[in-house]
Amino acid sequence: MGVVTVGELKTSISGKRSFRPSSTIRHAATEWPISDVSSDVTIEIGASSFALHKFPLVSRSGRIRRLLIEAKDATISRMNLSLIPGGPEAFELAAKFCYGINIEITLSNVAMLRCAAHFLEMTEEFVQKNLEARTEAYLKDTVLPNISNSISVLHRCECLSPVSEEINLVNRLINAIANNACKEQLASGLLKLDHNFPMKTTPNIEPETPSDWWGKSLSVLNLEFFQRVLTAVKSKGLKQDMISKILINYTHNSLQGLVIRDPHIVRGSLLDMELQKKQRVIVEAMVSLLPTQSRRSSVPMAFLSSLLKTAIASSASTSCRSDLERRIGLQLDQAILEDILIPANSYGNNHGTMYDTESILRIFSIFLNLDEDDDEDNRMRDESEMAYDFDSPGSPKQSSILKVSKLLDTYLAEIALDTNLLPSKFIALAELLPDHARIISDGLYRAVDIFLKVHPNIKDSERYRLCKTIDCQKLSQEACSHAAQNERLPVQMAVQVLYFEQIRLRNAMNGGHNQFFFGTINGQFPQRSSSGAGSGAISPRDNYASVRRENRELKLEVARMRMRLTDLEKDHVSMKQELVRSHPANKIFKSFTKKLSKQLNSLFRINNLKPIGSKPNAESRFLFQRRRRHSIS
């Protein structure tokens, strides 16, 4: 191994001898004004070596002094310090400090210098204002009071383990971040109070995050340090919405290069498995850091959905997926279609379904069973919310379930296009919601019709069970008209649609306003808006006009149905007659009856009787009676 000297002697402009770096770690503008004495010790660090002098080193470094004292050979000239944290770069700065050169301490090297000072034992025991004291002063004055500076230095500590842990530098930085974050949160709250700002922001409008927000800086940390920081800020009382923003930002940056896979990577290869493993570790860690489960969680639905999609794609643990499914189920009324379109992990199965319907089935079941499973959340619920009746159209719970029913119908229409989807899975989702969850069944009917069109070869029993999920009383006029002419539906359903159409028409003609609106049963939901929730009271005048308009439309529709039914009956009779005429046996029968008729007519003529098929006259009747009396006598 060749010795790389720290510098070479050179005469400066002032006439003094100086030591200019000439190694691979040279700094062109740095000069070392040392003596002309040749080096008497070589420090080896990895592949680098430094030719230095013992006296300046032992005057400030306790470790080098101890190594020289403990050496059996008093004339030792080589020393290995490869374990120094920070490597050759850290030792060069420490060596310069030992030579009396004023080094600049910055955010990028303070952690490295602090660990190197600890390793070299550069304490106040040997000289005042030694390197350890200098770095500690910088940490206290510049780093620890500032969140972003603390995060930057903490990031540098990742490659300085285990020394950074031994000197408690990592814990000090994490505690400083947590304390300063909570102080900033408190100061922000006091500022809002001073300006008479409302404590609660508008639910649909999130406050803008500053471009220099410290939470974005956490994305530079490795997963272990990030988990420790977030655990600390949670224990200090940082708000959950702030924690959610930090998690979203970190997850986005961590998975950005992993989720979008290179299409040239072969599924199941080592590189693909490595990407999956990284995804799995990150997702499971993020789920463990999520705030407490709640119906009013501050974690956005889109973020939970993306985590679940990644968890399924990366084959995360069952507990991880179950946790995400429950969180989504608790706030399912906030979801949109894109949130629940979760691709299935069909690795190794070319005939698998497009979407993971099993997870969606569990998520919807969780939402429907909230009252049974979420007792703790029920105890914390607001009294005004608990005063609502579940079946009331204006109830928050009823409004939520109506949103969820509309979401499910849209989801069913989307997955119905999957040719590999089994009818049993589709039926299980269609039968999931209770009867009162839908005011109108048009969405479900549309989904069922699409499924029957894409899957024309399903069994009759499955077709009947699938159509049985549709409540014909809750179909709109357009849906009823379509269903009556839909050849994909069983005959029983078409008859049922016509039957309820007749009932609605009769009720409308009799003035039965309570049962007039589509989808109303015993006046349970007498009014509805386009969103599915109750829209408030309707004036009698408007109600009467609406009934008259609906009555006219119903009469026209029923008239069209009757005309169509008459046409079908005529077609049926004509087809039956044509079938009888075209049958071979019918032709033979006609030929036989024709011959028989000729023979009978000839007999009748011999006996002076009218041919068959004609009316007898008075003479023939007299002769017939006469012959009859004669035969009797």
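FYI, side chains are in, hydrogens and waters are out, and symmetry mates aren't considered; it's all heavy atoms of this structure.
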Might you point out which heavy atoms bring [X] and [Y] nearest each other, and give the distance in Å?
X    : Y    : value
Y138 : V110 : CD2-CG2, 3.5 Å
R134 : K129 : CG-O, 3.7 Å
A302 : D339 : CA-OD1, 3.8 Å

Please identify each residue that fulfils salt bridge (Lys or Arg N to Asp or Glu O under 4.0 Å) with K425, with sequence neighbours left out. E358

Within the 4.5 Å heavy-atom criterion, are [X] and [Y] side-chain neighbours or not?
X    : Y    : value
P343 : I312 : no
I360 : D356 : no
L466 : P423 : no

Donor-acceptor under 3.5 Å ([X] side chain, [Y] main chain):
X    : Y    : result
K236 : I177 : no
N179 : A176 : no
H155 : L218 : no
E132 : E121 : no
R321 : A316 : yes

We want to know whether [X] and [Y] form a side-chain donor-acceptor pair, criterion being a heavy-atom distance below 3.5 angstrom.
X    : Y    : value
S359 : E325 : yes
R228 : N171 : yes
S441 : D471 : no

May I have all residue pairs that pass ring-ring contact (aromatic ring centres under 6.0 Å, His included) and include part of residues 412-433, sequence neighbours excluded? F426-F451

Tell me every residue that passes ring-ring contact (aromatic ring centres under 6.0 Å, His included) with F226, counting only those two or more places apart in sequence or in another chain. Y250

Is the shortest distance from a Lys or Arg side-chain nitrogen in R327 or D323 to a carboxylate oxygen in the other one below 4.0 Å? yes

Whether R172 and E136 form a salt bridge (side-chain N of Lys/Arg under 4.0 Å from carboxylate O of Asp/Glu) is what I want to check. yes

Rounded distance [0.5 Å steps], CD1 in I363 versus CG in L408: 11.5 Å

